[in-house]
Amino acid sequence: MTLNDTINIKQLQRGDSLTVTIERFNHKYLGETSVQGKTVLVPGSIPGETIRGEVIRNWKRRLLLKPIEIIEPSIDRVAPKCQHFTTCAGCQFQHISYRKQLEIKASRLQNYFHEKHPCHPLPLRGVIGSPTPYRYRNSIKLHGPGEPGFWQVLGVDMMRNEECPICVESVDKALQQQRQEHFHQFTRQGILNVLIRGTKIGETYVGPENPSAEEITWLNEELTHPLTDVTYQLIVPAHAFWQGSTPMLPKLIEQVVRPIREFSPDVLVESYCGMGLFGIMSAPFAKEIIGIEEHPLAIEAAKQNQENLNLSNLRIFRAKTEDRLEEFLVDLPSEKSALIVDPPRSGLPKKVLKQILKAPPQLLVYVSCSPESFARNLEALCRETYQLEDMVGLDMFPQTKHLECVGILKRIIDRSTYSPLSKGG
Ligand SMILES: C[S@@+](CC[C@H](N)C(=O)[O-])C[C@H]1O[C@@H](n2cnc3c(N)ncnc32)[C@H](O)[C@@H]1O
């Protein structure tokens, strides 16, 4: 007899109890199992564990269970630090030892590169862990309706979270203070989405995610270059992209800029450049750098940083990558040219892939926050034009399912074969 033979799962209601053994993680890293043909999802569980839980929702095909008692725990289980873990949708892994989290992420990367993928076997060096697996995150967005909060697991309501221990202290403190005041200063004005962002030097922005022109805020940040030890004072736009993990940032820069330093390109194009982070950090190692970015505030910050740091070899262009990349790539010198891409989660669109394949620079450094689109894009890039020489994962967001990776691609064909001129445009 199995654990649930005496229960008709269809009839379970909110608050009822159910005991299950977890079979696997689903694609969102929720533990799951099947009971009487229904998928039972248990946040904060590990495959192999037997858990007694309380029913939160019972849909037609799925049932959401909140763990109440871990009857048979996994050897990888640790105590979560956040009181909201298993209710909040932000973290998936607080109950798993940090060593095991890194193992899970490394095998997830491997799994995207099946046997027939041109990059198989994967030259993966591993996943670099965060020096601080908590207290790393420098920005959060809270959403309405009503008092702003985080999404709950599986989108069940919003939660008015009292803390967020993965955040750096200044951000967590600002959240706690706002929560005590019920975010009144924003809800009174009908502002639904609130952004909290903190910098390493202690500046904090708490305000609307989408500000009016007068509310636009610039933050000051300090960053020490991991390869030169020079400390940079940077302007960071509160409302445009800035890397979310303060302690992991030097490690990410090191992985992206080291190959640029080794290659020492005559021209480096950095597309999806944000406020110019990798271009600025590559400035000592490339003769000329061209940055392309579409967000007006990121562009303003990039230009301000370029001026403040007196970087005469860096030029920034406001454009959509798909509209202007080709024109820069076809002008690149055949040898000694490099490209850094750091696209959003969806990866490089087909149009951009085509432009790269038409005039491929010698070195391509691909920074990705989505292993899935990264693997898909590499399938096209490495079919005949590039070889993936090196790859590393970076755990920018410990306790969560998210994973960053950097791939170093070297051109393996003679570029003249692919030149738009030799192909008649
Ligand atoms: C993952 S962020 C990387 C930013 C930068 N590399 C950094 O580390 O700070 C992606 C950036 O691409 C920009 N972006 C998104 N779509 C774009 C497009 N089609 N063309 C140019 N930039 C784009 C976003 O505004 C954002 O700044």
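Since this is a predicted model, take the numbers as computed values, not measurements. Counting starts at 1 for both ligands and their atoms, following the listed order.
Counted by atom type alone, Ser130 and Asp395 present zero donor-acceptor pairs between their side chains at under 3.5 Å. No hydrogens or angles considered: a donor-acceptor pair under 3.5 Å links the side chains of Asn58 and Lys38.
Counting heavy atoms closer than 4.0 Å to ligand 1, residue Leu277 contributes side-chain atoms (C-beta onward) but none from N, CA, C or O. Contact annotation: for Ser271 versus ligand 1, there are no heavy atoms closer than 4.0 Å. Heavy atoms of Cys273 found under 4.0 angstrom from ligand 1 belong exclusively to the backbone. Contacts between Trp242 and ligand 1, counted as non-hydrogen atom pairs separated by less than 4.0 Å, are absent for every part of the residue.
Ligand-side atoms of ligand 1 in range of Lys320: 20 (N), range being under 4.0 angstrom from any heavy atom. Interface of Ala319 with ligand 1, defined as ligand atoms under 4.0 Å from a residue heavy atom, comprises 20 (N), 21 (C). Proximity to His295 (heavy-atom distance under 4.0 Å) selects the following atoms of ligand 1: 25 (O). Each of the following atoms of ligand 1 lies closer than 4.0 Å to a heavy atom of Phe278: 6 (N), 8 (O).
Considering only non-hydrogen protein atoms, atom 11 (C) of ligand 1 sits nearest to Glu293 OE1, 3.6 Å. For atom 20 (N) of ligand 1, the nearest non-hydrogen atom of the protein is Thr321 N, 2.9 Å. Ranking the protein heavy atoms by distance from atom 19 (N) of ligand 1 puts Glu322 OE1, 3.0 Å first.
For a threshold of 3.5 Å applied to N or O pairs, the pair formed by Gln243 and ligand 1 contains at least one separation below that value. Remark: ligand 1 and Tyr272 share an N or O pair separated by less than 3.5 Å (distance only, no angle test). Residue-to-ligand polar distances place Asp342 within reach of ligand 1: an N/O pair is separated by less than 3.5 Å.
Within the 6.0 Å centre-distance limit, the rings of Phe85 and His95 are counted as a close aromatic pair.
Among the candidates Cys119, Pro343, Cys369, Ser368, the single residue satisfying the side chain to side chain contact (heavy atoms under 4.5 Å, CB included) test with Phe374 is Ser368.
Under a 4.0 Å N-O distance rule, the pair Lys410/Glu389 qualifies as a salt bridge. Arg99 has a carboxylate O that lies under 4.0 Å from a charged side-chain N of Asp76, or vice versa, which qualifies the two as a salt bridge. Between Arg179 and Glu163 there is no salt bridge, since no side-chain nitrogen of the basic residue lies less than 4.0 Å from a carboxylate oxygen of the acidic one. Under the 4.0 Å criterion applied to side-chain N and carboxylate O atoms, Glu335 and Arg411 are assigned as salt-bridge partners. Salt bridge absent: Glu54 and Arg14 never bring a charged side-chain N and a carboxylate O closer than 4.0 Å. Salt-bridge annotation for Glu379 and Arg376: absent, with no side-chain N of the basic residue lying under 4.0 Å from a carboxylate O of the acidic one.
Under a 4.0 angstrom heavy-atom cut-off, Pro344 registers as being in contact with ligand 1.
With Glu294, Arg324, Glu270 as candidates, the residue nearest to atom 17 (C) of ligand 1 on a non-hydrogen basis is Glu294.
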